[in-house]
Structure formats: C-alpha cells, structure tokens
Amino acid sequence: MNNDNKLKQDLMPFIEMVRKAKESNNEEFLKAVDDFKTLLIDKKICNIQDNPLLLDKLIDEVLESDNKF
C-alpha cells in the first residue's frame, strides 16, 4: 500500500490537471485524458506501468466526484 501512496503522490500534478479541466468544463482536455493515461504508461512516467489500475481509479474518483480529491 505504501507504493500506492507514493504513486498517488507522484501523479498528483496530472490528477490536479484533470480536476481543473473538470472544474472549468474543458471538454477537449477531458476527452484526451485516456490518451494522457496511455502516454504515462507507455513512457513509464512515475512507474505507473506497475499499477495502471490505480491511475484509472484516481482519474475516475476525480471525474465522478463533486468534492475535492
């Protein structure tokens, strides 16, 4: 679980971008989120390739939540 917390912390800049895009209704950015996730995995950013489901979970939480993450 400690690795998940580290990964979550490392991905916070990306998660924050998604949150801000949602708050501003930036549909173009939100449509590109899947492409960004794929890029993060392909480029092995933050070692996300070890746990891509965590990235999906974090993004889903932001997109589905009306509250702060």
- Item | Non-neighbouring partners of N51 that pass side-chain hydrogen bond (donor to acceptor under 3.5 Å, both in side chains), sequence neighbours left out |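 N51 satisfies side-chain hydrogen bond (donor to acceptor under 3.5 Å, both in side chains) with D4 once adjacent residues are dropped.
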
Show me the donor-acceptor pairs within less than 3.5 Å that the side chains of residues 27-35 make with the rest of the protein, sequence neighbours left out.
unit_1: D34; atom_1: OD1; unit_2: K37; atom_2: NZ; d: 3.2

Say you draw a straight line from [atom1] of [X] to [atom2] of [Y]; how long is it, rounded to the nearest 0.5 Å?
| X | Y | atom1 | atom2 | answer |
| --- | --- | --- | --- | --- |
| M12 | C46 | CE | SG | 11.5 Å |
| L54 | K8 | CG | NZ | 8.5 Å |
| S24 | N26 | OG | CG | 5.0 Å |
| D60 | L53 | CG | CG | 10.5 Å |
| N47 | I41 | CG | CD1 | 12.0 Å |
| L11 | I45 | CG | CD1 | 9.5 Å |

- Hphob cluster co-occupancy, L39 + L55, side-chain heavy atoms under 4.5 angstrom: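 Looking at the clustering, L55 is in a separate group from L39.
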
